[in-house]
Amino acid sequence: PTGEATQIVVTEYDVEHSRGYTLSKLDPQTGRTTHYSLDKNGQTHSEEVFFINNEYRSGSDWSLGIRSDEQEADGNHDIALGTDGNLYYAQSGTTADPRGYIWTGSEFIKFDIETGKLQRYPRPSSMGGFHNGKEVDSKGNAWATQPTGAVRINPETGVYTEFKAVTPLGRPYDMAIDSEDKVWFA
């Protein structure tokens, strides 16, 4: 290759599906994955795995489709680069907080990179789940899109605030927060 193609390096990892786990961490130096989950008592559990390269996902057989025991539509969703240099992923929207946290879940779940602990913020029963677009503003509030607009949680108080979109059931999918803490979702 010449030109721009020589200016980047692409490394692909064949990671195990995060199904059944709240959050997974990939160490790009070793290729090792750690899965994290919360039990019903709020305790964090972790399991380290080293996923051996899957011969069926080598890229050489995509023209033949996927194996019957794989589900292409149900996989890992977002990826976030943690302050520790590791990559975090889950089945729902995931974002990194510069304060050393990773946010994910269909309700807010915060992962503390330093302690390795997950913390759930139960959402009000009147509020639907939010699986996609998540961001953190400059005050440390976590935001997510939901079918009727956006929602914010203050992690200090656990208080949720809902922001309805002008278009009912517009089903926003992702969001961004600018330098003035204005929230944009589409």
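Note that the structure is a prediction, hence the values are computed from the model and not measured.
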For Ile113, which residues count as a side-chain contact (heavy atoms from CB on, under 4.5 Å) partner, sequence neighbours excluded? Thr83, Asp84, Tyr88, Ile102, Phe111
Distance, nearest 0.5 Å, that separates CG of Leu38 from CD1 of Ile109: 6.0 Å
Give a yes or no answer on whether the side chain of Asn154 reaches the backbone of Glu156 with a donor-acceptor pair at less than 3.5 Å. yes
Could you identify which residues cluster with Trp184, counting Ile, Leu, Val, Met, Phe, Trp and Tyr as linked when any side-chain heavy atoms lie under 4.5 Å apart, either directly or through a chain of such contacts? none
For Glu162, check side-chain contact (heavy atoms from CB on, under 4.5 Å) against everything at least two apart and list the hits. Met127, Gln146, Thr148, Lys164
Applying side chain to side chain donor-acceptor pair (under 3.5 Å), name anything that partners Thr94, two or more places apart in sequence or on another chain. Thr104
Tyr121 meets the ring pair (Phe, Tyr, Trp, His ring centres under 6.0 Å) criterion, sequence neighbours left out, with Trp103
Quick one: name the residues clustered hydrophobically with Val166, using the 4.5 Å side-chain heavy-atom rule over I, L, V, M, F, W, Y, and just say none if it's on its own. none
Please identify each residue that fulfils salt bridge (charged side-chain N to carboxylate O under 4.0 Å, His left out) with Glu180, with sequence neighbours left out. Lys182
With sequence neighbours excluded, tell me which residues meet side chain to side chain donor-acceptor pair (under 3.5 Å) with Asp181. Ser138, Lys139
Under the side-chain contact (heavy atoms from CB on, under 4.5 Å) test, which residues partner Ser126, sequence neighbours left out? Pro124
Which residues pass the side-chain contact (heavy atoms from CB on, under 4.5 Å) test with Thr115, sequence neighbours left out? Asp112, Lys117
Identify, with sequence neighbours excluded, every residue that meets salt bridge (charged side-chain N to carboxylate O under 4.0 Å, His left out) alongside Arg171. none
Could you list who else is in Phe185's hydrophobic cluster, with ILVMFWY side chains joined at under 4.5 Å, directly or through other members? Trp143, Phe163, Met175, Ile177, Val183
